[in-house]
Amino acid sequence: MVAGAVSQAFSSRSARRGWIGFALFLPSLLLMLGFLFYPFALNVYTSFFSKHLIRPRNKFVGFDNYVYLFDRKYFWLVIENEIIWTVFSVFFQVVLGLAVALLLNQKLRGINIARAFVILPWVTPVVITVLMWKWILNELYGIINHILMGLGLIDSAISFWSSPAMAMGTLIAINVWWGFPFMTIIFLAGLKSIDPHLYEAAKVDGASPWQQFIFVTLPGLKHFIAVAVLVRTIWIFTFFDLIWIATKGGPSYHTTLLPHLTYLQAFQSYHLGRAAAISVILILCLVLYLIVFFRVYRHEEQA
Amino acid sequence: MTSAIRRFSTTTLAAVLVLGLLVTAGAPTAGAAERVVQFWTLMTQPERIEGMQRVIDHFQQTNPDIKVELTSVGWAEAHTKFMAAVAGGNPPDIAVESYGWPITYSEMGILQPVDDVIEAIGEENILPQDLKLNHYGGHYWGVPLYGTPSVLYYRKDIFDEKGLTPPRTWDELIETAKAVHDPDNDLYGFLVTGGAQELTNVMVWDFLSNNGATIFNENRPATEDDVTFNSPESIETFEYLKKLHEFSPPGSEMWGSSEYSQMFHTGRVAMVYDMMFGHARILTTAPEMKDKIGVAELPTGPSLGDRQGSFLYNTVGLMVFKDAQEPEAAKEFLKFLMKNDDVYVEWLLAYPFAMWPVTYSSQDKFFAAPELEEFPEHVKLGLDALPKGSVTAMYHGATPYWGEMEARATLAHVMQRILIDEWSVEDAVAEGEENIKEIVSEYAQ
């Protein structure tokens, strides 16, 4: 009897605690529903309609918006741009970020000042970064062309924005310059977490610096690299401002990404339905990436 | 007791102050305007903004019950700003527009007609092309404010040095470009651009319209079948531009106004097509250049035939939004500006050569202005050119499609296909025509 009363009291207390927990969680849930799930659901819903920003047109068209996009040559060019832009930007940011992190991890005089300076590109607003580089690379009055011509390395000024490959390459270079300090900071934190005894043990075993890097540093940084790549890929894939300020997606869509295409459809052609369809495609691409990423990551973990 | 009294006094005083503030904030002040007109201008030059503010000051003196609030929103992304304001249910009452926009917006149903304003100014008092470009579906949708003709700019100093005269035909233009072109010494004959900017639109239409090419035929309302962009005249024009591009600086395929100014003003490009607005820019930013730059009528192409040569006539006007809060007060302001020649001409001359009058009644006063005396050849050219003006996609009258063609940079894409992607001219023009037809078909849905 006593045991039953205790159990009842316990369960009612547990239920009360459960309700209190739910009440505390409710505001966050409502905010999530209002600001995340509702816009997302509305976006998916809109992508099946021929909806115009201004005109009172809102007809269900099924998958027509998607078919329209898949029929456009420029859409596939944009997908290609996304892959080139993201893969090269992330790759070079990781490589440069890691190299600088290794350098800054040395015990040298003035290293703290160097660590502070290396963060500068990252804290510079993107608008200023792009305008600065546009000036530096300008074919008429840019310092890069001036120096190269002064050294006799080129006969005429390089036009960094006129050819498709050059424009994309230039944008990736700017993005790498701007974004690598983020990687450096993460990797530096990772390097600090590696047990110094491992290096000492490796040295005792006769490991060269390269072997120490491969067998001690990289495994120690694995999780940090994974997080950095995951986060940066999502950010870079959805980039808008850097490219828009520099080239507006030109020449001829050769530097246009999915976010730009969304903007063009929504605010220059006013086709909200098509813009929503592009957003859905963008989300699906990222979901696919996350699935692949975590599969690979889990596989690596198990290995 | 004392502290209680002090607390009571402090609380009472605070309450009185707060109440006073609330009451005075809500009450109309003496002489305050009852009707407020929101006016979005896209102009950014201080001269033009200050000039328009003077017009507003004049207006408010005679209309103390109306207050006009001027906001400069800039040309960049103006369409987007208008759409966002309309979608948000808070558009301005009046806004500056460029050619074609009022017709596009009228099709969207976001403007109200301004027939009464045009009637008050007098149809017979407005230049015919300005009327034609704002008339669609039986109504006027924009009030013409000013026009700017485009011309051939050339470097007088370079021409004098080489003994050249301004070309009158395309053959002469290419010969002149060839005679000047000296890339080893950083001197180029002509500037051909493909950047998604207004400069490209101006240049392409100037060449198309001087070779008998059009984008739509005369049928109104125009349908997909009325798109005439993919024509022998167009192909000939783009072939010519491709050839002329050989005399253009490297990298110019993506240039816009800033690079053009840099190259032309420093004497590294000898010729360029631009609106006469360019002269206003020279006078304000590089006045030392004014005697080194000449203007001439645009050369004509081989397929123009008996048709009159044309040029891009950049007509700018004012539109009244359908959901305007004070449409009547807004229209009162428009009538005041356009009917009062003294006020109107004073504003046009706030930035000389950028803005040319669209009313006949203001022309005498405008062309006799001392600000223009120093440049008689510009004035003569402007006067001769004004009746020949036409605008892109609307040679045969207004269509609603130019706004979207401009937003999608349709003509610039054709240039980029040819100059950057190295497509054949035929393929690039065919794609351009398909893009235009797509815009037309979307309007029909």
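Each chain gets a letter, A, B and so on, in the order its sequence line appears, and its residues count up from 1.
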* Asked: Take atom CD in B:E239; do more than 12 heavy atoms of anything else shown fall under 6.0 Å from it?
  -> yes
Throw together a table of side-chain donor-acceptor distances under 3.5 angstrom for residues 403-414 of chain B, partners on residues two or more places apart or in other chains.
unit_1 : atom_1 : unit_2 : atom_2 : d
B:E404 : OE2    : B:R408 : NE     : 3.3
B:E404 : OE2    : B:R408 : NH2    : 2.8
B:E406 : OE1    : B:W101 : NE1    : 2.9
B:R408 : NE     : A:S269 : OG     : 3.0
B:R408 : NH2    : B:E442 : OE1    : 2.7
B:T410 : OG1    : B:M405 : O      : 3.0

* Asked: Can you check whether B:M108 reaches A:Y270 side chain to side chain, under 4.5 Å on heavy atoms?
  -> yes
* May I ask you to test the A:S252-B:R417 pair for a side-chain heavy-atom distance under 4.5 Å? => yes
* Any side-chain heavy-atom pair from B:E438 and A:R72 closer than 4.5 angstrom? -> yes
* Least distance between heavy atoms, B:G251 atom then A:S162 atom -> O-OG, 3.0 Å
* Residues B:Q416, A:Y253; criterion side-chain contact (heavy atoms from CB on, under 4.5 Å); working and verdict -> CA-CA 10 Å; B:Q416 288 174 20; A:Y253 292 110; over 6 Å; no
* Should the heavy atoms of other residues, nucleotides or ligands under 6.0 Å from OH of A:Y45 be counted, would the total exceed 12? -> no
* In this structure, are over 12 heavy atoms from other groups packed under 6.0 Å from A:F88 atom CZ? -> no
* **Region of B:Q197 that comes under 4.5 Å of a non-hydrogen atom in chain A** => neither
* Contact origin within A:Y141 toward chain B - heavy atom pairs under 4.5 Å -> side chain
* To do: Might you confirm whether atom NZ of B:K437 has over 12 heavy atoms from other residues, nucleotides or ligands at distances under 6.0 Å?
  => yes
* Structure fact -> Interatomic distance, CE@B:M254 vs OG@A:S159, rounded to 0.5 Å, equals 9.0 Å
* **Heavy-atom neighbours of A:F63 CZ exceed 12 at 6.0 Å** => no
* Can you tell me how far the NE2 atom of A:H254 sits from the CD1 atom of B:I420, to the nearest 0.5 Å? -> 7.5 Å
* Heavy-atom contact with chain B under 4.5 Å, split by part of A:Y74 -> neither
* Asked: How many angstroms lie between atom CD of B:E431 and atom NZ of A:K73, to the nearest 0.5 angstrom?
  -> 7.0 Å
* **Residue pair A:Y263 / B:T80: nearest heavy atoms and the distance that separates them** => OH-OG1, 3.4 Å
* Under the ring pair (Phe, Tyr, Trp, His ring centres under 6.0 Å) rule, collect the residues that match up with B:F238, sequence neighbours excluded. => B:F229
* Residues, nucleotides or ligands: over 12 heavy atoms within 6.0 Å of A:D71 CG -> yes
